[in-house]
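Report on one structure; see the data block that follows.
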Amino acid sequence: MASKTVAKDIITLRGSAAIVSEFFGYAANSILYNRGVYPEESFAKVKKYGLPMLLTEDEDVKSFIANLTSQLSEWLEAGKLQRVVLVIMSKSSGEVLERWNFSIETDGEVVEKGESREKSDKEIMREIQAIMRQIVSSITYLPCLDEPCVFDVLAYTDKDVAVPFTWMESDPKLIANPQMVKLHSFDTKIHKVDTLVSYKNDEWDDQ
Amino acid sequence: MILRTPPPKRPRTEIKAAEEGYPVGSGRHLVIYEDSPVVHDQPSEHLLCTYQCRQMVKSEFFDALSSAEKQARDYQSKWETLNDSFCKVEAERNRFMEQFLYVEQELAAAKGREQALQEQLLKEVNDSRERFKKHIQSYKEVEIKLKDEVNLRKKAESSAASSEEKANNLEGQLTRLSESMKREKHSFQVELGQLKKDSKYSLSRKNAELEKMESIAINAEKELVLLNENMEDLKKHLNECLYQKGEAEKKLATLTFQEPNSSDASLLVKHLQEELRNYEVEVQEAKKLKSSYEQIELLREKLLEERSRRDRAESEISKLQELQFSMNTLDELSSWKTMMQNIPDVSSPDDVPAKFASLQKEVLDSMMKLGELNARFKQMEVALDGAQFSKQSAKADAALARDKLKGMEEEVKQLQLMLSTITDERDRLKDLLEDSRSMKGDVGGSEIADGKLLQELQLSIANKECYIKELESTVQMKQEMNNRQQEEITLLGEKLNDEARRIRSLERESDRLRSEISLLESKLGHGDFSTESTKVLRMVNTLAVDSEAKETIEALRSELQKAKDKLKAVEELNNQSGNTVKSVDSHISEKLKQLKEQIATLEKREERYKTVFADRISVFRRACCELFGYKIVMDERQRPNGIPVTRFTLQSIYAQSDEEKLEFEYESGNLSVVVNAYSSQPDISQQVGIFIHKLNSIPAFTSNLTVESFNRRTLS
């Protein structure tokens, strides 16, 4: 939860990092549900951001996402995280089919000096709500994933970041000649998150 | 109104003058003759009135009076009308005055604005003049530079054209030389091939013959040995037989004397003869063996000769190859020499690189200059566009100013029309006044007041005329001002064109920046990043990882941390307490021992996991090697742009050398072949083209390769 005073809506670095990492957790769950990576029956409905959100009940996925968000929060507090990418790949061939790109801009002054900012929680929630709605509506233009898929998460960090034990360096898993759709962004005044989805051109669309 | 009071009597001298001058009853002066004691000296032939005449004169006088009164009334009405018109004119004059004042105010405001505009315009004009001067100077300088650079460009182009021609000529010569060389090479190669084939064939034949001969020689040697042994045996037998023969002859000789035992002797003789024949046969065989032995020795000598010939042929072949190489080098040198002769300013091979370097520098300089010229052309185009834009805006302002001028001119025309109407009215009034003056001269004293009013009117009209003149002067001033403004507007128009060009250039830059932004956004969306400042990480423990290992690792970590915390606590306790240390020490030492044991077990467990993993991996690798026929080595590498890539090196178990290795790169689920010395061989590259590029099947390629290498291995 964001460390804030109710009266003034002050946001600290730690609170902003918590908001962004929490957002990523819910966004990842929403993407996995809407893109059919995991079966629908493995998800449960909860209320968040004023919307009914779906969270996975698979323990492995849950623990994976929990570990991920905790590490992301750490990097966000240090101001070392530049981007988070959720990659959906074909299970059989390992080919990258979709990339959900979350670019993060951090206010350097806040990280260096430990300042805080003022922004209304409602405003932030409204912005995140818009992004979640767009993720849900993305199934109208994204190509169908007819084959079994798996997902992975990539973190673009600063070069001087110490690689934790459970992480390793990786290639960026790019898509050749992708189609790109830019979604909304949200801003806590400390971290600004831009969302973009790039996907492999469907052969039927090319024809 | 009829005047009842008669006019004052004039003195008689006037009456006389009137009688002399004017007849009666015609608007003239009436001379009333009255009975007067004065006796006129002069005889009067004037009219003498009796009472009737007096009445007549009175009536006539009254008529005249009434007519005069009527006239006076008319004049009065006219005067009233004139007065009304004067009032109207006054009102108009007041209105005109107000308008004039308003116009004056507007004029003053316009003057103030014009002054401000003039000041601004002056400033802008001065600035623009300075800028124009600077621009003109820069344009002149740029023109001079342009001319110089155009000349340089022409020179560079001409030199480039000449160098291109030379290069084309050289290329033509090179192609011709290369073609001739190729033909000669081909012929040499054909001859070489033939020679090689012949030599190979002869070598193989000779080798085969040699082997045959060797085998024959070995067999012959063995046979020789055997035959020698047999020969020796046979010799021994021969000697024995000869000895026996001698004894038998002796015996025969003695036996001729002893005839009764002839049958036994004949048997002996037969036996001996048979042995003789056998021995003779063996002797012949020994002779044959000897001859074969001699043949074998001859063959040995031939073998040696053939071997020496083979060595000589091989040495000559090697010499041939060296000769061919030297021929090739000689041909290249000759071609280079001919090229050098064609290249100007080159006398020795050492000059060639310098010449090429100088040519390259010239080309680079010309390219740089061309680039700079292009940049300057673009800048000039941009400046021209800016100037055109400012010109267009200045034109727009000029059009607006012209419209304003037109409005002002129309107002001026309206004022002039008003002035003309006022002057016409003034003239009319003047005429009326003159007419009224002429009329009123006859009437008399009552019209003097009218004359005063008329004078006042005239004064007012004169004042109006003055005002009108002032207005005309102001209109002229305005026209002059308008002309000046028009000139300034043309200057503004030019400035506006410049500014329009500047705005266009800014718009172009903004479009360029927008395109760059879109490019960067697309790159961001694509996922590109700078390897100098960014690295990409992913979690090792994906969802397919063994959860038990995770739990054990976490448990180990937690235990380690607990042990460390306990150690720290123990050390702190050791530092703080004194007497109680002894009692605590034992407890702490026990705890320390336990913790150390735990650490040792954990470390052992970790090593065990490592060894188990290593064993399993080695088993897996061996099984893969035996099942698929390839030793696979996995290697993590980094590309020059910093992206980590997994490389797989495959070596077939049927490979005949260590260089027969295939390399593949794995990235994002895609495997691609890496070109190396082995895969670039024609056979292998053909298979790569068919199986991998066309049919997109790496397993088919590897299986085909294993079958081929297996066949090769088994055949060899």
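We name chains A, B, ... by the order of the sequence lines, and we start the count at 1 in each one. Values reported hereafter were calculated over all heavy atoms of this structure, with side chains retained and with hydrogens, waters and symmetry mates removed.
The heavy-atom pair separating A:V163 from B:L537 by the smallest distance is CG2-CD2, 3.8 Å.
Heavy-atom distances place the backbone of B:E532, and not its side chain, under 4.5 Å from chain A. Only the side chain of A:W75 comes within less than 4.5 Å of a heavy atom in chain B; its backbone stays farther off. In this structure, chain B has heavy atoms under 4.5 Å from both the backbone and the side chain of A:T157.
Taking a 6.0 Å sphere around CZ of B:R508, one finds it holds more than 12 heavy atoms contributed by other residues, nucleotides or ligands. Within a 6.0 Å radius of CG in B:D635, more than 12 heavy atoms belonging to other residues, nucleotides or ligands are found. For B:D615, the CG atom counts as densely surrounded, since its 6.0 Å shell holds more than 12 non-hydrogen atoms of other residues, nucleotides or ligands.
Note that CE of A:M168 and NZ of B:K535 are 13.0 Å apart. Values are rounded to the nearest 0.5 Å. For the atom pair OG (A:S170) and CE (B:M539), the distance works out to 13.0 Å, reported to the nearest 0.5 Å. Within the model, atoms CG of A:L154 and CZ of B:R538 stand 7.5 Å from one another, a figure rounded to the nearest 0.5 Å.
When A:M89, A:E95, A:K173, A:K80 are compared by the number of non-hydrogen pairs under 4.5 Å with chain B, A:K173 comes out ahead. When each of A:V153, A:V161, A:V197 is checked for heavy-atom pairs under 4.5 Å with chain B, A:V161 comes out on top.
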